[in-house]
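Report on the following structure.
One-based numbering along the sequence shown. Quantities reported herein were computed from a predicted structural model and do not represent experimental measurements.
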Amino acid sequence: MGTALIYDEEMTKYKLLWVDPACKFEVPERLTVSHGALVESGLADRCVSVPVREATDAEILLVHSAEYLEAVKTTPSMSLEDLMEFTLQYGDVYFHPNIYHCAKLAIGASLQLVDSVMTGKVRNGMALVRPPGHHSMHSAASGFCIFNNVAIAARYAQQRHGAKRVLIVDWDIHHGQGVQYCFEDDPSVLYFSWHRFEHQKFWPQLKESDFDTVGKEKGAGFNINVPWNKVGMQNSDYLSVFFHILLPVAYEFCPDLVLVSAGFDSAIGDPEGEMRATPDIFAHLTHLLMNLAEGKVCAVLEGGYNLTSLPQSVCQTVHTLLGDPAPCPANLDAPCKSALESLQCVRSVHRTYWSCLRHAADLPTSCSTKHINTAEGADQEPTEESSQEIFWPPPMKRVFPPTRTAVVLPDDVACPDGCKRWSLLEHPDPQLCLSALVDKMVKNEICNGLVLVPDVSVAMICLAQHAVAALNKRLLVVCVGDGMVPIQGTEDGKTLVVHFSRKESEEQRGKHFITVHLTKGCGDASGFIQAVLSLLLPLGYEYDPGLVLLVQKPDSGVCDSMWRQLTGLLQGLAQGHMLVVMQEDERKHIGPTCSSLLGIAAPSLGQLHSLLPEDVEALERLRRRLTPDWKLLQTTVAEEP
Ligand SMILES: CC(O)(O)CCCCCNCCCN
Ligand SMILES: [Zn+2]
């Protein structure tokens, strides 16, 4: 299943016709450099090209009022003076004789993308559109937006394709207030947005952009605002919010479709965002969403004004939609204090709505008195645009190894489609065979592999020793199932072991051997997935291994869909270099494991029942115990002594 790319140069054919500093950087070149980079890098050719179309009036009326639509319809024939006059009634937006046409194409492109994904023509895709949409409201244009592309797409997906629950992830650096207003009382659309806020000093300076606006009536809990109260947020701040807010809630919500308001003004170098996250972070943000809704992810361009980081970020996103291994998440810092404060506030106000956040901490003292901060903060100007030149390394090339998935199976087992058999015949000694496989990964000739062995414990020891020696990088061992794990987390930090088991572990074996015990073991998907999202992934990203060894011990009780979620999510690490080891009599797992290793999205886990209180407690206790050693586990700001 492919990746759709929807773009038409007609959407470059409008621009600002007068002087307005607030709108000067919303230029046609944003689209041409983004599309140009996709063509230049060969990514465009690997996508399924889907044509744009104009939205119909009915589709526009899914979100907007007839009065507003009729008013916008009068703009193509306006004189320059009339266009300027018409524009004055709205904020930070401009009109042009051709913008109504382009706005209909932007919606149409988004709906074509939704059709392609919902009908299974493609697995996922991206629409490169202009004008953006997430600020426009029922009867008003705002923030360069005329019609709300993503809001219309959500309603369209529900009405035309029967999508029940739609998740909108808005990683643009501005708050999509138009989307929030559209769905604030609607529990079928979960809107998540982070945005530069600076205690309401940053545009659009709305009180309702703060963390305590959670939705209304039946929609309470289905609107998640993460305010960034400082500029300069980095990759680790973004990842922490995904691990500790968005992903746990998204898996509990279990959407049928994921729409991304993909604004790239949240990337480094952007004059609006002034953040410091690098373009490769979008490879990970995209990857972390791709096992939701069975991979049905539609990314629709919103903002992004730095003509260097924008195309780089667009390419990182499309690489990942195509299934290419993500770059290593190197040198992640700790989330900054301000980000932790926002993280704690959001988790605190949403804990009554989401069982995965049930045990989140109270508001930090600084936030409970936040009204005082806001008063003193409101009258100050936002941080003025920084003038000094900002540099960042160009993203590294993301090439696919010649072989994606190698498999070592008993002779009587057929090699699953798409995999390459790694035969024991050439390497009579099984240990040599496994070591040779690791070597091929180190040389990037093979991406990942599945190995069935007579005894997983023996294989683990051999692989771990060889991997550490051959890799001279770190090895992450994830072991699922009860029973002894024969590897010590080595004190030199070269090996980190995370063991998921049913039994209370006899003892914890230091910083590099972590036991996560689940009351009902790995058979309980809701407990397991939360442990993976808010514990294993932060650990794994911070540890940044060169190879992941995923071991399923006999009768672990883990169900196929959970196993495939785990196998899928872990491929965001180590450039996808993962070796799965299973007992050779576990033949029923071969197919599901290989489909995940081949990049096919995992089936959804279904709407998860509430977490067992004892599991939530145990996870919180474990996270608190580990946090001093692992900074990406932090979910609260250290209270002043
Ligand atoms: C799609 C989008 O969210 O990127 C649009 C952002 C509009 C920003 C308007 N304010 C600009 C003030 C000038 N410093
Ligand atoms: Zn924006």
Side-chain angles (χ1 to χ4, degrees), residues 62-63 114 133-138 148-159 161-172 174-195 197 206-227 241-261 288-289 292-293 296-298 300 302 342-358 360 363 526 529-530 533-534 604-611:
L62 284 172
V63 165
V114 168
H134 69 156
H135 297 302
S136 69
M137 293 162 272
H138 186 61
N148 204 312
N149 308 319
V150 166
I152 294 170
R155 283 261 159 82
Y156 177 84
Q158 292 181 321
Q159 294 192 8
H161 295 283
K164 292 186 187 59
R165 292 181 302 281
V166 179
L167 167 65
I168 299 176
V169 178
D170 188 336
W171 69 44
D172 185 287
H174 297 92
H175 181 220
Q177 86 278 26
V179 184
Q180 171 170 300
Y181 297 149
C182 186
F183 301 111
E184 61 189 342
D185 63 351
D186 183 346
S188 71
V189 178
L190 170 56
Y191 179 58
F192 167 93
S193 171
W194 61 40
H195 33 271
F197 187 61
L206 299 171
K207 167 114 194 56
E208 60 269 28
S209 299
D210 209 349
F211 64 84
D212 51 0
T213 298
V214 296
K216 288 178 180 149
E217 295 131 32
K218 298 187 309 304
F222 295 90
N223 190 86
I224 301 176
N225 284 333
V226 180
V241 164
F242 263 55
F243 295 142
H244 300 303
I245 297 175
L246 177 60
L247 293 175
V249 167
Y251 271 87
E252 192 169 327
F253 179 62
C254 186
D256 306 301
L257 173 66
V258 178
L259 298 178
V260 183
S261 264
L288 290 167
L289 296 175
L292 286 163
K296 294 195 285 298
V297 176
C298 299
V300 179
E302 295 279 1
S342 297
L343 185 66
Q344 184 173 344
C345 290
V346 176
R347 283 167 53 90
S348 176
V349 297
H350 278 280
R351 63 186 171 188
T352 50
Y353 305 108
W354 301 98
S355 81
C356 56
L357 301 180
R358 183 209 332 253
L363 284 176
S526 64
I529 192 65
Q530 294 304 332
L533 299 172
S534 60
S604 89
L605 297 170
Q607 286 204 275
L608 299 173
H609 63 74
S610 295
L611 280 136

### Task
Would you give the length of the straight line joining atom CD1 of Ile224 to atom CG of Leu167, rounded to the nearest 0.5 angstrom?
8.5 Å
### Query
Atom CG in Leu357, atom NE2 in His244: separation rounded to 0.5 Å?
11.0 Å
#### Entry: Test item: side-chain donor near acceptor, Asn223 and Gln180, under 3.5 Å
yes
### Message
Quick one, Phe243 and Leu288 - any side-chain contact, counting heavy atoms below 4.5 Å?
### Response
yes
#### Entry: Where His195 and Ser209 come nearest, the two heavy atoms and their spacing
NE2-O, 2.8 Å
### Query
Got a second to check how far Leu257's CG is from Leu292's CG, nearest 0.5 Å?
11.0 Å
### Query
Are the side chains of Val189 and Ile168 in touch, meaning some heavy atoms are under 4.5 Å apart?
yes
### Message
Determine whether a donor-acceptor pair (N or O, by modelled atom type, separation under 3.5 Å) exists between the side chain of Gln158 and the backbone of Lys164.
### Response
yes
## Note on the structure
dist His174:NE2 -> Ser261:OG (nearest 0.5 Å) comes out at 13.0 Å
### Query
Which atoms form the tightest heavy-atom contact between Phe211 and Val349, and what is the distance?
O-CG2, 3.4 Å
### Query
Taking C-beta and beyond as the side chain, do Trp171 and Leu246 meet within less than 4.5 Å on heavy atoms?
no
### Message
Contact between Cys356 and Val249 at the side-chain level, heavy atoms closer than 4.5 Å - yes or no?
### Response
yes
### Query
Roughly how far, to the nearest 0.5 Å, is OG of Ser188 from CG of Leu190?
10.0 Å
#### Entry: Main-chain N/O of Leu611 paired to Arg358 side chain as donor or acceptor, under 3.5 Å
yes
### Task
Sort out for me which residue in Asn225, Val226, Asp210 forms a side-chain contact (heavy atoms from CB on, under 4.5 Å) with His175.
Asn225
### Beyond-backbone contact of Pro255 with Val166, side-chain heavy atoms, under 4.5 angstrom
no
#### Entry: Gly176 backbone acceptor or donor facing Tyr191 side chain under 3.5 Å
yes
#### Entry: Considering all heavy atoms, the nearest Thr213-Lys207 contact
OG1-O, 4.2 Å
### Message
Assess the residue pair Cys182 and Arg155 against the criterion (side-chain contact (heavy atoms from CB on, under 4.5 Å)); give the C-alpha distance rounded to whole Å, side-chain angles, the decisive distance to 0.1 Å, and a yes or no.
### Response
CA-CA 10 Å; Cys182 186; Arg155 283 261 159 82; 3.6 Å; yes
### Flag, side chain of Asp186 to backbone of Gly219, donor-acceptor distance under 3.5 Å
no
#### Entry: Any Leu343 side-chain heavy atom under 4.5 Å of Val241 side chain
yes
### Message
For the backbone of Ala360 and the side chain of Arg347, can you confirm whether one donor and one acceptor N or O come within less than 3.5 Å of each other?
### Response
no
### Task
Answer yes or no: is there a side-chain heavy-atom contact under 4.5 Å between Gln177 and Glu208?
no
### Query
Can you tell me if Arg165 uses its side chain to pair, donor with acceptor, with the backbone of Phe253 under 3.5 Å?
yes
### Task
Give the C-alpha distance, both sets of side-chain angles, the deciding distance and a yes or no for side-chain contact (heavy atoms from CB on, under 4.5 Å) between Leu259 and Val114.
CA-CA 9 Å; Leu259 298 178; Val114 168; 4.2 Å; yes
### Side chain Glu302, main chain Asp170, donor-acceptor under 3.5 Å
no
### Message
Treating Glu252 as the side-chain partner and Leu608 as the backbone partner, does any N or O pair qualify as donor plus acceptor under 3.5 Å?
### Response
no
### Query
Taking C-beta and beyond as the side chain, do His350 and Val214 meet within less than 4.5 Å on heavy atoms?
yes
### Query
Looking only at atom types and distance, does a side-chain atom of Asn148 sit under 3.5 Å from a main-chain N or O of Ser136, one as donor and one as acceptor?
yes
### Message
Quick check on the 6.0 Å ring-centre criterion: do Phe222 and Trp354 meet it?
### Response
yes
#### Entry: Atom of Ser610, atom of Ser526 and distance for their closest heavy-atom approach
O-OG, 4.1 Å
### Query
Between the main-chain N or O of Gln344 and the side-chain N or O of Ser348, is there a donor-acceptor pair closer than 3.5 Å?
no
### Task
Return the orientation label for the Phe242 and Trp194 ring planes: parallel under 30°, perpendicular over 60°, tilted otherwise.
tilted
### Task
To the nearest 0.5 Å, tell me how far Lys216 NZ sits from Lys218 NZ.
12.5 Å
